[in-house]
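Notes follow once the structure below has been shown.
Within every chain, numbering begins at 1; the chains are lettered A, B, ... in the order of the sequence lines, protein sequences first and strands thereafter. Keep in mind that what you see is a predicted model, and the values were worked out from it rather than measured.
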Amino acid sequence: MIETVGLGRRFEGTVAVEDLNLSIKDGEAFAFLGPNGAGKTTTVRMLCCLIAPTTGTAYINKLDLRDAESQLKIRQSIGLLPENPGLYESLGAYRNLDFFARLYGVSAKDREKRITELLKTLNLWDRREEAVGKFSKGMKQKVAIARALVHEPEYIFLDEPTAALDPEAAKTVRDFLLELKKEGRTIFLNTHNLDEAQRVCDRIGVLRTRLLAVGTPDELASRFFGRATLFQLREVRPEHLQALRSMPNVLDVRQEDSSLIVQVSDPKHDNPAIVSRLVAMGAEVSYVEEVKRSLEDIYLKLVGGG
Amino acid sequence: MRLRWDKVSTIVRKEMAEYRKNRYILLTLILMPLVMCTVLPLVYVIPITLLSPPPTDQPLDLSIRVEGLLEDQQLVNVSINNYRIENVELVNCAVGSCEIVNCTIYSCVVSYSNISDSQASSSIISHCNIWSSTTINTINPGSVFLGVESELEQNLKLIVNALLLFILLIPSVLPTVIASYSFVGEKLSRSLEPLLATPTTDLELLMGKTMAILLPTVLITWLSAIPMIIIVDVVTQPLLGYFLLPDEIWLLAVILIAPLFAVLSVLLNVVISSKVTDVRSSQQIGGIIVLPAIAFFIITLVGLVILSLTNMLLFAAIILALDALAFYLAVKAFKREEILVRWR
Ligand SMILES: Nc1ncnc2c1ncn2[C@@H]1O[C@H](COP(=O)(O)OP(=O)(O)O)[C@@H](O)[C@H]1O
Ligand SMILES: [Mg+2]
């Protein structure tokens, strides 16, 4: 379990992250969503015990990351994929992974088994001896991901794993993340790709220095936009709008072409009354459907981009 | 802070693997010592041996020549004037209260003998050697038979001490080159962040980096001393009649002071590398590290300090103290937090 308590970090003047309170369960896939400079990398670095928080703290597996002895244990249980792959470019993929496996204290037997397995899964086995400097971006990223996994960490932190990749390589990486999720590992994914967050993760936290919102995509949708329902009519007349606005449970009514978008707090309870009312006024209802809010709408609303 | 040597050795081996793939590091490791230990001794020693005149007979009256082997003899109260003594070998002799005045003594050897209450004056003595013998109350025995060193010998010793400077430059310069490529390379390729994320302590990382530079440096310094000694001896032995190197000062310098220098250089480079971001400025600042070596030898060459065993030990102690200071600074500079925040 990852738990942050008032976690914050300042850099001479700039506040990178402030008052972060978060709790991530074991086995959960969590996405940290935010624009550039939102403090995603800073947060991950704090959680990996690379830099110290200036305020608050965090507990990983109940270990306080301010404690020096705990830091070693925390790092042991974490696999980090940083923003840059940062491989030893003159060395081969196998050698790169072997070095890290040794530092993580993986036994000789497990080392060989694990590295072979990872390289084969990632389709790099045939090129394991080649200097990785010659690899494409996507291949380097795969080696870097394998590096984060050689010691079978409980927690995996990925800092914008697909940001620098072409769509095909990005898809390979994403599919691999889904595999990891199936294995039941706890995933912490930094991204500014909404689609990626939604596809890979169970829960999303929107960050801009402060945590603006956190929840499943559906929760976020209903929290920030209420539950909206679309009533498609043959023809919308002004009195329809007026009538609906005067109903007690209706929060908001908008007209879009020949549709009425109606927000109520409890659609199950309130929608039948709306339909009856419209029909009573002689409106011809063609169909009724729930309005799905995309993550993008929520995100833009939160970070104030549109 | 914890220090586990298996982690350190893992880092050292990885670094070595990287050096092997780095053309610049390899070239420096091979070429610089090669030049220092072969070209320089030849350039310095040969002119000296050519320039110094062979020991000649004037201005002495050489009426009598003495040659040959004296074995199991007792020489007491012998006074020798105006002789040329050449190719004389004293073996197992007892020399007492003897005096040599106005002689040329050339290419003589004394061994397994006892010499007491004797002196040589106003004589030119060269290409002589004395060994496995005792000298009591005898003026100027030195390494030379009963006398002062020749001019050639003095010059050669000066040059040989100057060569020591080059031997000490190797452990000062090599770490600068290796460190600049290994640290700055690590910064540029951003490979430090994943390394810092591993369950190793800052001290283990520092030691790994340090040892990885230190080991090849010390090994190469030691290896390059060997051809240097051989070249000096091959060139000078025919003139001196004995092997000039290695003497105790050289042994001390190569075995003890060179590694201490290497440690200083490596640690200061760690400190410097943690403050700069490109190869060139790291090398330029790293160049400062050779200054103590050069300063010390200018002082000795000018004659302010004599290169005696005691002075060398004192020098070693000073460097050791500087090593300790540099280690303290390096430990302070080499912190995960600092490295990540600074090296952006
Ligand atoms: N080492 C540092 N020194 C100074 N400021 C920093 C440092 N690292 C990050 N920052 C600042 O902190 C803020 C958050 O950065 P970061 O965590 O990298 O954001 P993100 O990863 O979400 O793009 C930015 O304003 C950035 O300029
Ligand atoms: Mg970032």
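Contacts of A:Leu80 with chain B are made by side-chain atoms alone, with heavy-atom separations under 4.5 Å and no backbone atom involved. For a residue to count as touching a neighbouring chain, one of its non-hydrogen atoms must lie under 4.5 Å from one of that chain's; by this rule A:Leu87 touches chain B with the backbone only. For a residue to count as touching a neighbouring chain, one of its non-hydrogen atoms must lie under 4.5 Å from one of that chain's; by this rule A:Glu69 touches chain B with the side chain only. With a 4.5 angstrom heavy-atom cutoff, B:Arg20 does not touch chain A via any of its atoms.
To the nearest 0.5 Å, atom CG of residue B:Asn22 and atom CD of residue A:Glu89 are 12.5 Å apart. Taken to the nearest 0.5 Å, the CG atom of A:Leu91 stands 7.0 Å off from the NZ atom of B:Lys21. Rounded to the nearest 0.5 Å, atoms CD (B:Glu18) and OH (A:Tyr88) are 6.5 Å apart.
Of all non-hydrogen atoms in A:Cys49 and B:Arg336, the two that sit nearest each other are O-CD, 4.0 Å. The nearest pair of heavy atoms linking B:Pro199 to A:Gln76 is CG-OE1, 3.0 Å. Shortest non-hydrogen contact noted between B:Leu340 and A:Leu50 is CD1-CB, 3.4 Å. The minimum heavy-atom distance linking B:Glu337 with A:Arg9 is given by the pair OE2-NH1, 2.5 Å.
Residues of residues 100-117 of chain A lying within less than 4.5 angstrom of chain B, judged on heavy atoms, are A:Phe100, A:Arg102, A:Leu103, A:Tyr104, A:Gly105 in numerical order.
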Working note: A:Phe99 + B:Thr198, criterion side-chain contact (heavy atoms from CB on, under 4.5 Å); need CA distance, chi angles, decisive distance, verdict. CA-CA 11 Å; A:Phe99 170 63; B:Thr198 60; over 6 Å; no

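Contact tally against chain B (heavy-atom pairs below 4.5 Å) for A:Ser90, A:Ala144, A:Ala52: the top residue is A:Ser90. Between chain B and the residues A:Gly133, A:Gly86, A:Gly79, A:Ala131, the most heavy-atom pairs under 4.5 angstrom are made by A:Gly86.
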With a 3.5 Å cut-off and sequence neighbours excluded, list the donor-acceptor pairs that the side chains of residues 205-214 of chain B form with protein atoms.
from, atom 1, to, atom 2, distance (Å)
B:Lys209, NZ, B:Glu15, OE1, 3.4
B:Lys209, NZ, B:Glu15, OE2, 2.9
B:Lys209, NZ, B:Glu186, OE1, 2.4
B:Thr210, OG1, B:Leu206, O, 2.6

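When the shell of 6.0 Å around CZ of A:Phe11 is examined, it contains more than 12 heavy atoms from other residues, nucleotides or ligands.
The residues B:Glu193 and A:Arg45 are annotated as salt-bridged, a charged nitrogen and a carboxylate oxygen being separated by less than 4.0 angstrom.
No side-chain heavy atom of B:Arg190 sits less than 4.5 Å from a side-chain heavy atom of A:Pro82.
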